[in-house]
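Worksheet for the structure shown next.
Just so you know, these numbers come straight off a predicted model, no measurement behind them. Just so you know, residue 1 is the first one in the sequence shown, and it goes up from there.
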Amino acid sequence: MTAEEQKRHHHHKHRRRGWTLTKVILVVLGVLILAGGAFAAKVYMDVNQTAKTVYKSKGKTQNKRKVSEKVELNKKMPFSILLLGTDTGALGRTEKGRTDTMMLATVNPATKETNMLSIARDSRVPIVGYGQTAKINAAYAYGGIPMAVNTVQAFLNVPVDYYVLVNMKGLEQLVDAVGGVTVDNDLDFTYEGHHFEKGTVSLDGPTALKFSRMRYDDPRGDFGRQLRQQAIVQAVLKKATSLNMVTNYNKFLQVLENNMQTNITLKDVLNIQQNYGDAMHFKTLQLKGTGQMIDGQSFQVMNPTEVAQMSTRLRKQLDLK
C-alpha cells in the first residue's frame, strides 16, 4: 500500500470512528430525554391523582370579591390562602376538632412578597352562620370549611380565595416526608421531654410537632407558638419545592392524600409555580389582642382599630379598594 493509500485509509477510519461516537452520544441523549419525559409524565399523573383526591370546594361561602376582582392566576393576580391546622390526628384524637392553627397568606407577585398573618385561635369574634360570638377556632368545628372561611372573611374584611386544611398528624408526617426541616429558634425551652436550644435547630416530624405546640412556657404565649408554626410551614414549603423532592415525591403525595384537603386544583398549582415564584418572600404578621375572661372562658379580645388597620394592609396586598 502506497503512502497516499495509507493516508486515505487512515482518514476513512477516523471519519467512521468519529461518526460512530457522535451517533452513540446522540442515542444516549435520546434515551435520557425519553426516560426523563416518561418520568415527568409519571410524576404528572401521580400529582394529578393526588390533586383530585384532596380537592374539596369551599362550599357555600360568601363571595367577598367583585366580579372585576375575580382571581385569574394565569394573569398573576394577587390571591389569598387560608391555612387551617386541626387538632385531629394527634395525641389519639379522632374527632373533627378545632382549627388551633389559622394563618391567612396574601400572595402578591408585584410586591414580590407573601404576607402570612397568624390569627390567634382564642380571638373572640362573631361566628358567621352560627349566631353567637365565640373563639374563632370553633368556626370549623361548628360548620366546617364554609363557616371557617366566612368567619375569617367577616373578621378581616378580606376575601379568602383558597384554603388548605391539614391535621396535626399530617404536619408531623409532612416534615418527615421532606426529610426534616431546619428553623431558627429564638427561645430555649423543653417540651414533652425534648430540649430545644436557642439558635438553628433541625427537626424531624415528632420534634417539629412538639416545637409547634408549646405555648405555656413561652412569655409570648400563643403568639410565640404562632411564630414557631409559621417557621415550620415556611420550611416545609421551601423543602417541598426544591429539586431534591423530585426523586422522593411519592411519600410526600401519600401524606397529602391522607391528611389534607383543599380547593386548589392542579391547574392552580401549575399557574402558581409558573407565575408566583418571585412572591415567595415571607413576611410574618400578627394581630395581638388582650386576654380577658368572659363567661368563664379566656379570650383574645381584638382592638377594632388594629383589626381595621390590618384589614387595610391585607386589602392593599390583594390590590382591593
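- Counting all heavy atoms, side chain and backbone alike, A141 lies closest to R98 at CB-CG, 4.1 Å.
- Every residue meeting the side chain to side chain contact (heavy atoms under 4.5 Å, CB included) condition with L270, not counting sequence neighbours, appears here in chain and number order: Y44, L266, Q273.
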- side-chain contact (heavy atoms from CB on, under 4.5 Å) between I145 and N263, intermediate numbers included: CA-CA 10 Å; I145 292 300; N263 67 328; over 6 Å; no

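- A distance of 11.5 Å separates OG1 in T182 from CD1 in I232, rounded to the nearest 0.5 Å.
- Under the ring pair (Phe, Tyr, Trp, His ring centres under 6.0 Å) criterion, no residue pair touches residues 299-321, with sequence neighbours excluded.
- By the side chain to side chain contact (heavy atoms under 4.5 Å, CB included) test, N74 pairs with E72, N271, sequence neighbours left out.
- Side-chain atoms of T200 and D184 form a donor-acceptor pair, as typed in the model, at a separation below 3.5 Å.
- Residues passing the side chain to side chain contact (heavy atoms under 4.5 Å, CB included) test with K60, sequence neighbours excluded: none.
- A heavy-atom distance below 4.5 Å is not found between the side chains of S80 and V158.
- Under the 4.5 Å side-chain criterion, counting only non-hydrogen atoms from C-beta, I119 is not in contact with L287.
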- Could you please spell out the steps behind the side-chain contact (heavy atoms from CB on, under 4.5 Å) verdict for Q286 and R220? CA-CA 12 Å; Q286 287 182 310; R220 299 162 297 187; over 6 Å; no

Anything under 3.5 Å between a donor and an acceptor, one on a side chain of residues 125-133, the other on a protein residue two or more places apart or in another chain? List them.
none

- Show your working on side-chain contact (heavy atoms from CB on, under 4.5 Å) between Q234 and T284 and close with a plain yes or no. CA-CA 10 Å; Q234 293 174 22; T284 300; 4.0 Å; yes

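- Across G59 and P146, no two heavy atoms sit closer than the pair CA-CG, 4.2 Å.
- If you take CG on D295 and CE on M293, they are separated by 9.5 Å, rounding to the nearest 0.5 Å.
- Residues L320 and P159 share a closest heavy-atom pair of CD1-CD, 3.4 Å.
- When all heavy atoms of V164 and V166 are compared, the pair lying nearest together is CG1-CG2, 3.9 Å.
- D100 places no side-chain N or O within 3.5 Å of a backbone atom of N137 that could act as its donor or acceptor partner.
- For the residue pair Q317 and T106, the shortest heavy atom distance occurs at CG-OG1, 3.2 Å.
- Within the 4.5 Å cutoff, the side chain of L285 has heavy atoms near those of the L314 side chain.
- Geometrically, R228 engages F189 in a cation-pi contact, judged by NZ or CZ lying under 6.0 Å from the ring centre and within 45° of the ring axis.
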- Query: So H194 and F211, side-chain contact (heavy atoms from CB on, under 4.5 Å) or not? Walk me through it.
  - Reply: CA-CA 9 Å; H194 189 89; F211 184 78; over 6 Å; no

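- With salt bridges taken as basic N to acidic carboxylate O contacts below 4.0 Å, none links D278 and K76.
- Side-chain contact check for L203 versus V201: some heavy-atom pair is nearer than 4.5 Å.
- For K283, the salt bridge (Lys or Arg N to Asp or Glu O under 4.0 Å) partners two or more places apart in sequence, or in a different chain, are E113.
- For T190, the side chain to side chain contact (heavy atoms under 4.5 Å, CB included) criterion is met by H195, not counting sequence neighbours.
- In terms of modelled atom types and a separation under 3.5 Å, the side chain of T50 and the main chain of E257 share no donor-acceptor contact.
- Here CD1 of I81 is found 5.0 Å from CD1 of I272. Values are rounded to the nearest 0.5 Å.
- A ring pair (Phe, Tyr, Trp, His ring centres under 6.0 Å) check over residues 48-76, counting only residues at least two apart or in different chains, returns nothing.
- A salt bridge between D161 and R65 is present, with a side-chain N of the basic residue lying under 4.0 Å from a carboxylate O of the acidic one.
- I294 is listed as a side-chain neighbour of V301, based on a closest heavy-atom distance under 4.5 Å.
- Residues satisfying the salt bridge (Lys or Arg N to Asp or Glu O under 4.0 Å) test with D319, not counting sequence neighbours, are none.
- Applying the ring pair (Phe, Tyr, Trp, His ring centres under 6.0 Å) test to every pair with at least one member in residues 146-171, sequence neighbours left out, gives these pairs: F79-Y162.
- Residues L318 and N108 fail the side-chain proximity criterion, which asks for heavy atoms closer than 4.5 Å.
- Taking 4.5 Å as the limit, some side-chain heavy atom of V236 sits within range of a side-chain heavy atom of V181.
- Looking at every heavy atom in both residues, M77 comes nearest to Y276 through O-OH, 2.6 Å.
- A search for salt bridge (Lys or Arg N to Asp or Glu O under 4.0 Å) contacts involving K135 returns D122, not counting sequence neighbours.
- One finds the OG1 atom of T312 at 11.0 Å from the CG atom of L156 (value rounded to the nearest 0.5 Å).
- Looking only at side-chain heavy atoms (C-beta outward), P206 and D176 come within less than 4.5 Å of each other.
- Atoms CD and OG1, from Q254 and T53 in turn, are 11.5 Å apart once rounded to the nearest 0.5 Å.
- Residue pairs meeting the side chain to side chain donor-acceptor pair (under 3.5 Å) criterion with at least one partner in residues 148-159, sequence neighbours excluded, are K64-N157.
- Side chains of S118 and Q229: a donor-acceptor N/O pair is absent below 3.5 angstrom, by distance only.
- How far CD of Q226 is from CZ of R215: 10.0 Å, rounded to the nearest 0.5 Å.
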